[in-house]
Structures are given as C-alpha cells and as structure tokens.
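Because the structure is a prediction, the values reported are computed rather than measured. These numbers come from the heavy atoms of this one structure, side chains and all, not from hydrogens, waters or symmetry mates.
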Amino acid sequence: MIDITDLSYRVNNREILEKLNLTMEEGDSWLIFGPNGAGKTTLLKILCGFLRDFDGQVHYRGSDIKRMTIKELARIISYQPQFDEFSLPLKVREVLLAGRYPYKSFFKDYSDEDYRIYRDVVRRMDLEAFENRDITTLSGGERKKVLLASAFIQDVAIVFFDEPFSFLDPEAVANLRKMMVEMNRMGKTLVAVSHRFEVLFPVVNKILALKDGKILYAGPKVFDKQLLKAVYNTSFEKIVWEEKEIIFLDA
C-alpha cells in the first residue's frame, strides 16, 4: 500500500531522514517511535504530502505522491494532528461534513450519500449531543473524538496520527485507543507517531524505531529490550496480565 524507497530529507544540509526503505501493507497498524529529533514528524509530514522536496520515492498503491494532488491524497489518507487548532466558532456538524469535501463537486452541495455517511458515523460514535455544539467548547478528549469521526466520514484507507494522546486525561486516552483499535478492525491502516510507547505497543502489529533519521528496526511487533535501550537510553519491562500486554519503565 505504501512503498518508501531510499527516502532522505535535508534541511540546511542537515540530514533529517537518511535512506529509509519500508513497505506498509493494507490493514497494518504501525507505531513509529524514537527520541526527539529522530525524524518521526518529518516522516509523517512527507507521507501526508505536506513536504515534497525529499529525495527518494513514496508511492501509494503505485502512485507517486509527488504527482498526486491534495484532493487525490484526501481520498486515500486522513491526518490527525498533534494539536487541534480550532479557533473559529465552527459547529461540530460543519467540521464533520468537511470530511466529505474530497468527494464534493465544487459547484454542488453535499449529496444524499454524503449525508447518509455523516449520519451513520454520528450515530455509531454517539455524537448526536455534540452536533450543534461549537467545537471550541469541547474538551480535548471530545475534540479528538470528533476529529476521529471525521476520518470515518472521510472514508479513507489510511489514517495518520501525530502524538494522538497529547494533553488527554487517562479516560480520554483509553477511549481514543479503543476507537483506534476499532478503526483497524474495520480494515483501516493506522500509522501513529507517539512517545506513548507503553500505550500503543500492546495494540499495534508493526513498529518502526527511528533514531538520528535512520531506521533501527521496522517490521512485526517485537518487545526487544536492547532495541528500546538503543532508542531511548532507558529500560522497559513487559508483563502479560489476563492476556494483556503491560509495558512500563524499569525505573
């Protein structure tokens, strides 16, 4: 689905990413992790089409990302930002319907099919009480839920997350993680950049460890203490309790 070949990115002659090679298959759930400055967010911005002045190649289902328009990309991917920057007094309904924009004709209103998808997602994600609320009045967890619902409404194959748990309380973290798991079960490919290794590791099936712009490991999920020590210069432990993986710092 996503093929990355010899991907490099430089800023002022500084190598941010160096010769990355990776394939992400349809239906995978990826955790991209690494220390600050590893190149994680830069990689995400390239995969979302925000940065195009890179060396190497990125293909979506055989199409070169550099040749794809923003609207074409918006029919394939959804981007969930680290911070929600809603300063305009938009209704939740307006934010959600915007997910159908990539399918909308410039001269026409939203179609009956657009509204059907919108209503189905609002009902499924229990957002009826929020439809007419100003999104700036919602809590951080509620806003994340609305943004995730917009990805469902956008009806894309791949959803990218940049630090999805920033500024969320434990209940909101648990709820968002459940929604991400459900998304993946429905066939969506998920790619999340996160420092919350212990939260996402138990629910993904692939991991990508980055450091200094290079891949230290990419592939099926493995709990490798030496790898984690090399990435974070600290130790993690894992226990299994009631068939659940629990990851914690070995402080």
_Where I16 and V11 come nearest, the two heavy atoms and their spacing_ = CG1-CG2, 4.0 Å
*Between E163 and R196, is the closest basic N to carboxylate O distance under 4.0 Å?*
no
*Please name the pair of heavy atoms, one in A172 and one in G141, separated by the smallest distance, quoted to 0.1 Å.*
CB-CA, 3.9 Å
*asked:* To the closest 0.5 Å, what do you measure between OG1 (T137) and NZ (K91)?
replied: 8.5 Å
*Could you check if a side-chain atom of M68 sits within less than 4.5 angstrom of a side-chain atom of I76, using non-hydrogen atoms only?*
yes
Name the atoms and distances for all side-chain donor-acceptor pairs under 3.5 Å in residues 35-45, with sequence neighbours left out.
unit_1, atom_1, unit_2, atom_2, d
N36, OD1, H195, NE2, 3.0
K40, NZ, G34, O, 3.0
K40, NZ, P35, O, 3.0

_Over 12 foreign heavy atoms within 6.0 Å of CG, D212_ = no
*So how far is it from N175 CG to L168 CG, rounded to the nearest 0.5 Å?*
9.5 Å
*Does one hydrophobic cluster hold both M183 and I32, with members joined at side-chain heavy-atom distances below 4.5 Å?*
no
*Do E25 and M1 come close enough that some side-chain heavy atom pair is under 4.5 Å?*
no
*Backbone N or O of S111 within a donor-acceptor pair of the D114 side chain at under 3.5 Å?*
yes
*Would you check if L31 and S194 make a side-chain contact, meaning some heavy-atom pair closer than 4.5 Å?*
yes
_Under a 3.5 Å distance rule, please check whether D64 uses its side chain to pair with a backbone N or O of K66 as donor and acceptor._
yes
_Within a 6.0 Å radius of atom NZ on K178, are there more than 12 heavy atoms belonging to other residues, nucleotides or ligands?_
no
*asked:* Does any part of the side chain of P202, heavy atoms only, come nearer than 4.5 Å to the side chain of R177, both counted from C-beta?
replied: yes
*Between L73 and G49, what is the shortest heavy-atom contact and its length?*
CD1-CA, 3.9 Å
*Give the cluster check for Y79 versus I70: same hydrophobic cluster or not, with ILVMFWY residues linked at side-chain heavy-atom distances below 4.5 Å.*
no
*asked:* Is there a side-chain contact between K188 and D155 in this structure, where contact means two heavy atoms from C-beta onward sitting under 4.5 Å apart?
replied: yes
*Indicate yes or no for a side-chain donor-acceptor contact from Q154 to the backbone of A74 under 3.5 Å, with no hydrogens or angles considered.*
yes
*Report whether V203 and F160 are members of the same hydrophobic cluster (ILVMFWY, side-chain heavy atoms less than 4.5 Å apart, transitive linking).*
no
*asked:* Can you confirm whether the side chains of D3 and T23 place a donor and an acceptor under 3.5 Å from each other?
replied: yes
*State whether D224 and K238 are salt-bridged, where the test is any N-O pair (Lys NZ or Arg NE/NH1/NH2 against Asp/Glu carboxylate O) under 4.0 Å.*
no
_Can you tell me how far apart CD1 (I215) and CG (L22) are? Round to the nearest 0.5 Å._
5.5 Å
*Non-hydrogen atoms of L216 and L227 that approach each other most closely*: CB-CD1, 3.9 Å
*Are L190 and V193 co-members of a hydrophobic cluster defined by side-chain heavy atoms under 4.5 Å apart?*
no
*Spacing of CG belonging to L7 relative to NZ belonging to K19, to within rounding of 0.5 Å*: 10.0 Å
*Please check if atom CD in Q226 has more than 12 non-hydrogen atoms from other residues, nucleotides or ligands closer than 6.0 Å.*
no
*Does the pair E182/R124 count as a salt bridge with the N-to-O cut at 4.0 Å?*
no
*For the residue pair E72 and R67, establish whether any side-chain heavy-atom pair is separated by less than 4.5 Å.*
no
*Exercise: identify the closest heavy-atom pair between R52 and T69*: NH2-C, 4.3 Å
*Output, in order, the C-alpha distance, side-chain angles, deciding distance and verdict of side chain to side chain contact (heavy atoms under 4.5 Å, CB included) for L17 and F54.*
CA-CA 9 Å; L17 298 171; F54 58 85; over 6 Å; no
_Could you tell me if the side chain of S235 sits less than 4.5 Å from the side chain of K225, heavy atoms only?_
no
*Using the side chain to side chain contact (heavy atoms under 4.5 Å, CB included) rule, take F161 and L148 through it: C-alpha gap first, then chi angles, then the decisive distance, then the call.*
CA-CA 10 Å; F161 298 85; L148 199 58; 3.5 Å; yes
*Check each of F165, F248, F33 against F197 using the ring pair (Phe, Tyr, Trp, His ring centres under 6.0 Å) test, and report the only one that passes.*
F33
*E15 versus S8, closest heavy-atom pair with distance*: OE2-CB, 3.6 Å
_Side-chain heavy atoms of D162 within contact of P81, under 4.5 Å_ = no
_Tell me if the CD atom of E171 is crowded by more than 12 foreign heavy atoms within 6.0 Å._
no
*Donor-acceptor under 3.5 Å (E131 side chain, V92 main chain)*: no
*From CG (L200) to CD1 (I247), nearest 0.5 Å*: 11.5 Å
*Check the pair Y60, L47 against side chain to side chain contact (heavy atoms under 4.5 Å, CB included), reporting the backbone distance first and the verdict last.*
CA-CA 9 Å; Y60 283 99; L47 295 180; 3.7 Å; yes
*Is the shortest distance from a Lys or Arg side-chain nitrogen in E142 or K145 to a carboxylate oxygen in the other one below 4.0 Å?*
no
*Do K206 side-chain atoms and M24 backbone N/O form a donor-acceptor pair below 3.5 Å?*
no
_Using a 6.0 Å cut-off, check whether atom CG of D112 has over 12 heavy atoms from anything other than its own residue._
no
_I'd like to know whether R100 forms a side chain to side chain contact (heavy atoms under 4.5 Å, CB included) with Y118, so could you lay out the CA-CA distance, the side-chain angles of the two residues, the decisive distance to 0.1 Å, and finally the verdict._
CA-CA 8 Å; R100 298 304 299 167; Y118 162 80; 5.7 Å; no
*Enter the distance from F152:CZ to L96:CG here, rounded to the nearest 0.5 Å.*
12.0 Å
*Between R61 and E26, does at least one N-O distance fall below 4.0 Å, as a salt bridge requires?*
yes
*Check step by step if ring pair (Phe, Tyr, Trp, His ring centres under 6.0 Å) holds for F236 and F201.*
CA-CA 12 Å; F236 286 82; F201 182 86; 9.4 Å; no
*Hey, does the side chain of T189 reach the backbone of G27 with a donor-acceptor pair shorter than 3.5 angstrom?*
yes
